[in-house]
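Working notes for the structure below.
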Amino acid sequence: MNLKKTLFILFVLLGTVSNNVFCGTADSTVGCSVKNRWILKPSVSSYLGWEKSADLVQFGDHEPLEWNARHINFRIEATYGLSKCWEIGLFAGFQQHATDVGLYDTFYYEGYNIISHDEVYINKLAPTFGLSVNFHLLPLFVKEKACRWDLYLTANYGGCVLIHTESRRSFYGHYRQEYGMGVGLSYFIKNRAGFFAEFRFGNYSFFPQYVSSYSNFRAGLAFKLN
């Protein structure tokens, strides 16, 4: 099934879905339109990052072994509805990342080759920030008010400033970027507070020289401020 047919079927299903599924009898009169709506969204995600060991053995001129690790990415986002379907958001937060804090002067030799040296790596926090744009689908099909669900297409661009780079010998800059597109889903209890989840495809690694990550899942809480 091609993409056009899939999207057509999705739109038909959204347009014919029952009001009992998507809407309720909550006390809000905002309805499914997001125009002039403010939402505050704290959330967490697991970003694939970079780690490096201490006390690793290297032979001759070979570099120490490296491996990937999951790091916590936390953010708070505020979104505002520009029209019935379009919404823009700004976010800020922090990202864990590994950095080296020392390279010991003691080297161990076997003949003329260095066989090991000691490095110490710890996790640091780096600030993140960016913007997002959402296009909500339900206002196109569901006309009733007090809708508790949000289903939307989403895109974002963000950055991370690594105050401490992952290696003192790194030639890469301190600023890293992320970007991607995907889909999001929210559900509000009493049409005031609820939960949301988003899944995107794009670039979601702040350490592209070491590890690639082409998708991201994020989940958190959502609070309507008006």
Side-chain angles (χ1 to χ4, degrees), residues 1-15 22 30-49 70-95 126-142 147-162 173 175-188 194-208 211-225:
M1 184 178 296
N2 59 37
L3 179 60
K4 290 183 179 180
K5 290 183 179 179
T6 302
L7 291 176
F8 176 78
I9 294 174
L10 175 62
F11 290 155
V12 170
L13 290 176
L14 289 174
F22 284 102
V30 176
C32 285
S33 173
V34 301
K35 186 176 182 179
N36 299 325
R37 186 185 72 174
W38 283 96
I39 290 186
L40 189 66
K41 300 163 67 175
S43 63
V44 295
S45 182
S46 177
Y47 274 48
L48 190 61
R70 291 285 177 178
H71 296 279
I72 295 175
N73 181 290
F74 173 82
R75 73 174 51 157
I76 296 180
E77 181 178 10
T79 64
Y80 176 74
L82 299 175
S83 66
K84 180 174 69 173
C85 296
W86 288 99
E87 183 180 48
I88 189 171
L90 296 175
F91 61 83
F94 61 83
Q95 160 83 49
T128 63
F129 48 87
L131 59 89
S132 63
V133 177
N134 303 326
F135 181 77
H136 289 257
L137 299 174
L138 294 186
L140 299 175
F141 307 103
V142 181
C147 192
R148 298 181 180 181
W149 291 87
D150 280 341
L151 177 63
Y152 53 94
L153 305 178
T154 179
N156 82 305
Y157 176 84
C160 177
V161 179
L162 302 180
Y175 177 76
R176 312 293 173 85
Q177 62 182 351
E178 64 169 275
Y179 50 84
M181 302 177 62
V183 62
L185 180 67
S186 303
Y187 177 76
F188 293 91
F195 310 91
F196 81 95
E198 297 173 347
F199 185 79
R200 296 186 177 99
F201 289 100
N203 172 50
Y204 290 98
S205 172
F206 295 124
F207 307 90
V211 57
S212 297
S213 182
Y214 300 112
S215 64
N216 176 253
F217 176 79
R218 176 173 294 276
L221 303 176
F223 302 95
K224 292 184 179 180
L225 302 183

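The shortest heavy-atom contact between Pro139 and Cys85 is CB-SG, 3.9 Å.
Residues meeting the side-chain contact (heavy atoms from CB on, under 4.5 Å) test with Ala126, sequence neighbours left out: His97, Cys160, Leu162. With sequence neighbours excluded, the residues forming a ring-ring contact (aromatic ring centres under 6.0 Å, His included) with Phe201 are Phe199, listed by chain and number. Partners of Ser45 according to the side chain to side chain donor-acceptor pair (under 3.5 Å) rule, which considers only residues two or more places apart in sequence or in another chain, are Asn216. Remark: Ser186 pairs with Asp150, Tyr152, Phe188, Phe196 by the side-chain contact (heavy atoms from CB on, under 4.5 Å) rule, at least two apart or across chains. Applying the ring-ring contact (aromatic ring centres under 6.0 Å, His included) test to Tyr179 and every residue at least two apart in sequence or in another chain returns nothing. Residues satisfying the side-chain contact (heavy atoms from CB on, under 4.5 Å) test with Ser83, not counting sequence neighbours, are Trp86. By the side-chain contact (heavy atoms from CB on, under 4.5 Å) test, Ile72 is found to be paired with Gln96, residues two or more places apart in sequence or in another chain being considered. Checked against side chain to side chain donor-acceptor pair (under 3.5 Å), Ser132 has the following partners two or more places apart in sequence or in another chain: Glu77. The ring-ring contact (aromatic ring centres under 6.0 Å, His included) test applied to Phe74 returns Phe94, not counting sequence neighbours. Looking at residues two or more places apart in sequence or on another chain, you find no ring-ring contact (aromatic ring centres under 6.0 Å, His included) involving Phe91. Looking at residues two or more places apart in sequence or on another chain, you find no salt bridge (charged side-chain N to carboxylate O under 4.0 Å, His left out) involving Arg218.
Expressed to the nearest 0.5 Å, how far CG of Leu140 lies from NZ of Lys84 amounts to 6.0 Å. A distance of 4.5 Å separates CD1 in Ile39 from OG1 in Thr79, rounded to the nearest 0.5 Å. Atom NZ of Lys35 and atom OH of Tyr80 lie 8.0 Å apart (nearest 0.5 Å). Residue Ile76 holds its CD1 atom at 13.0 Å from NZ of Lys41, rounded to the nearest 0.5 Å. In this structure, the separation between CZ on Arg70 and OH on Tyr47 is 11.0 Å, given to the nearest 0.5 Å. Remark: Leu131 CG to Ile88 CD1 distance equals 6.0 Å, nearest 0.5 Å.
Under the 3.5 Å distance criterion, the side-chain polar atoms of Arg37 are left unmatched by any main-chain donor or acceptor of Gly81. Within the 3.5 Å criterion, the main-chain N or O of Val211 finds a donor-acceptor partner in the side chain of Ser205.
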Evaluate Leu48 against Tyr204 for side chain to side chain contact (heavy atoms under 4.5 Å, CB included), listing each step before the verdict.
CA-CA 8 Å; Leu48 190 61; Tyr204 290 98; over 6 Å; no
Let's go through Glu87 and Leu82 carefully: what are the C-alpha distance in whole Å and the side-chain angles of both, what is the deciding distance for side chain to side chain contact (heavy atoms under 4.5 Å, CB included) to 0.1 Å, and is it a yes or a no?
CA-CA 5 Å; Glu87 183 180 48; Leu82 299 175; over 6 Å; no
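Each salt bridge (Lys or Arg N to Asp or Glu O under 4.0 Å) pair with one or both residues in residues 127-142, not counting sequence neighbours, would appear here, but there are none.
Exactly one residue among Asn73, Asn156, Thr128, Asn203 makes a side-chain hydrogen bond (donor to acceptor under 3.5 Å, both in side chains) with Glu178. That residue is Asn156.
More than 12 non-hydrogen atoms from other residues, nucleotides or ligands lie less than 6.0 angstrom from CZ of Phe223.
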